[in-house]
Amino acid sequence: MRRIARRRGSPKLSDTQTRAAQRARYFLVLGAAVWLHAGAALLTATTLPRATLDLGGHTLLAWGVTAYLLASVVAGAAAPGMVARHGVRNTLLGGAGLFGVGCCVSALAADMPAMLAGRIVQGLGAGALLAVAYGALRRFPSGRRATLAAAVATAWNLAALCGPLIGAGFTAGGSWRNAFWAFAVQALALAFAVHGLGPSAHRRPATVAVSRPLARLGALVAAVVLVGTAGTGVGWFVTLVSIAGAALAGWLFLALDDRAAERLFCARLRGPPDPAAAHLLLMLAAAATGAAFPVYGALLLDLLNAHSPLAAAYVLGLQASAWPAAAALARGLPWVDDVRRVRTGAVLIALGVTGFAIAAPHGEPGLLYPWAICLGGGLGLAGAGLVERVAAATACSEQRAALAATGIQQVGLAIGAAICGIVANGIGFAQGVSIHTAERVAWWVFAAFVPIAVLANLLAWWRPNLDP
């Protein structure tokens, strides 16, 4: 009688199938990291204004954005060293854990200092997640990286769109704290997903020299913190001293980074300008101009015309949607080169922030829609191809260039948020919020960025800086 042989266990996957499955898992982790980072970055655009009224810390409103972004930049720079010591899996788990704990601290906050402490911990976790996730792009074939980078950029902007909407939904429902609980649950889900990564994520990489830019990061953080301190309503003398200290710390950062073998943002930002530095400085200025509405938009619309946080979320949604749409449109027009894209983007940014300054005092969201599209579209055009330009003009890999571009945008937003605090508290919010004060703040908090938009145009139209 013929015996029928039985196969025990499941069929063994080929090496190609195993690698494909592993890349798919890494891509899911990358998408989750982008979602958490970008979504939580703008979550406070529609939650923190209501939280400040509940917690009594309206003078610290801008710090809800600044603290998160600064912590993210610091963690992103430290992440390669953590991976070298503890491996990808443990670093991802640590990032997810920090992010989740930070969300819980913010959700349970009884005052604004506790809220900001939670935001700092969230930023540390999110920055580590994002840096490790970008590093995972190296596991994909080089022919697919451009497509994956475009998908990541789209996911980033979709998360920036959904973050304010989630916050607005919970806030309009009567509990801004639940928005932070929702992101804490997502961080827990990500931690479980990290366990699905393959064995290579459990091993530490081979020993390599890892840059530890502690002094440079300290100088950069000090510069932005001093700007933020100047905007907390501490008096004009302390404000001027803080701004002078910020300028000194910024100069120290540039000097230290210039001498480093591996620059924090890839390009040399001090001395004779080069194409990569010009593009990064342009994005720094452009990102700063886009900080005003995420910080004060929901509060101003509420004070001026009693609009719900959803009204601000719609404006932010248009701005977030215009960004990838403009970038995709520019890439689809072969006769539009990098220089034309950057210049057109700079003009739209200046037009958008000027329109916000004129329309915002009326307190009507509909009047802000076209300027949100201009601002978001301008940022999309100016930033289209930024990673490729930085990588081509420097010795950085595409992954490091992507982190540099993201980091410079985060620093720009952090500086912009700090400037918003200086303007708003200086105009009158330091003494209390009111309709009369809101009308003046609604003008000046946007008008203050018009000179920065002009600076962005000077960088864009100065051709030697943009030519490769």
Side-chain angles (χ1 to χ4, degrees), residues 38 41-42 45 149-165 278-295 297 311-360 364-389 405-406 408-410 412-413 416 446-447 449-461 466:
L42 286 176
V152 168
T154 301
W156 182 281
N157 287 284
L158 286 175
L161 162 66
C162 294
L165 287 171
H279 284 298
L280 288 172
L281 290 173
L282 169 62
M283 285 309 300
L284 178 75
T289 63
F293 193 84
V295 175
Y314 295 148
V315 177
L316 288 169
L318 279 176
Q319 182 175 320
S321 301
W323 186 320
L329 178 63
R331 290 177 181 272
L333 301 176
W335 62 86
V336 180
D337 57 19
D338 279 350
V339 174
R340 289 190 180 95
R341 282 200 295 260
V342 170
R343 289 176 173 175
T344 304
V347 170
L348 287 175
I349 289 168
L351 183 62
V353 73
T354 303
F356 264 112
I358 296 171
E364 287 298 333
L367 297 176
L368 302 176
Y369 292 160
W371 312 118
I373 294 172
C374 282
L375 189 55
L379 289 167
L381 288 174
L386 179 64
V387 172
E388 292 85 350
R389 291 194 296 268
T406 302
I408 207 75
Q409 291 173 13
Q410 291 175 339
L413 283 169
F446 294 103
F449 289 98
V450 172
I452 298 179
V454 172
L455 174 62
N457 273 270
L458 291 176
L459 288 168
W461 287 85
L466 294 173

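Residue numbers start at 1 and run along the sequence shown.
Taking both residues in full, the closest heavy atoms of A326 and G377 are given as CB-O, 3.4 Å, listed atom of the first, atom of the second, then distance. The shortest heavy-atom contact between P294 and L42 is CB-CD2, 3.7 Å. Closest of all the heavy-atom pairs between A456 and A285 is CB-CB, 4.1 Å. In terms of heavy atoms, A405 sits closest to L280 at CA-CD2, 4.3 Å. Across every non-hydrogen atom of A45 and L316, the tightest pair is CB-CD1, 3.5 Å. Contact record, A288 with F449: O-CE2, 3.2 Å, taken as the closest heavy-atom pair.
S321 places no side-chain N or O within 3.5 Å of a backbone atom of L318 that could act as its donor or acceptor partner. Within the 3.5 Å criterion, the main-chain N or O of A460 finds a donor-acceptor partner in the side chain of R343.
Scanning for ring-ring contact (aromatic ring centres under 6.0 Å, His included) contacts around F356 gives F293, F446, with sequence neighbours left out.
With rounding to the nearest 0.5 Å, the separation of CG in L284 from CG in L455 is 9.0 Å. A distance of 13.0 Å separates CD1 in I452 from CG in N457, rounded to the nearest 0.5 Å. Residue L282 holds its CG atom at 11.0 Å from CD1 of I408, rounded to the nearest 0.5 Å. Note: Q319 CD to L368 CG = 10.5 Å, rounded to the nearest 0.5 Å. Within the model, atoms CG of L379 and OG1 of T289 stand 5.5 Å from one another, a figure rounded to the nearest 0.5 Å.
The closest side-chain heavy-atom distance from I349 to L375 is below 4.5 Å. Under the 4.5 Å side-chain criterion, counting only non-hydrogen atoms from C-beta, V353 is not in contact with W371.
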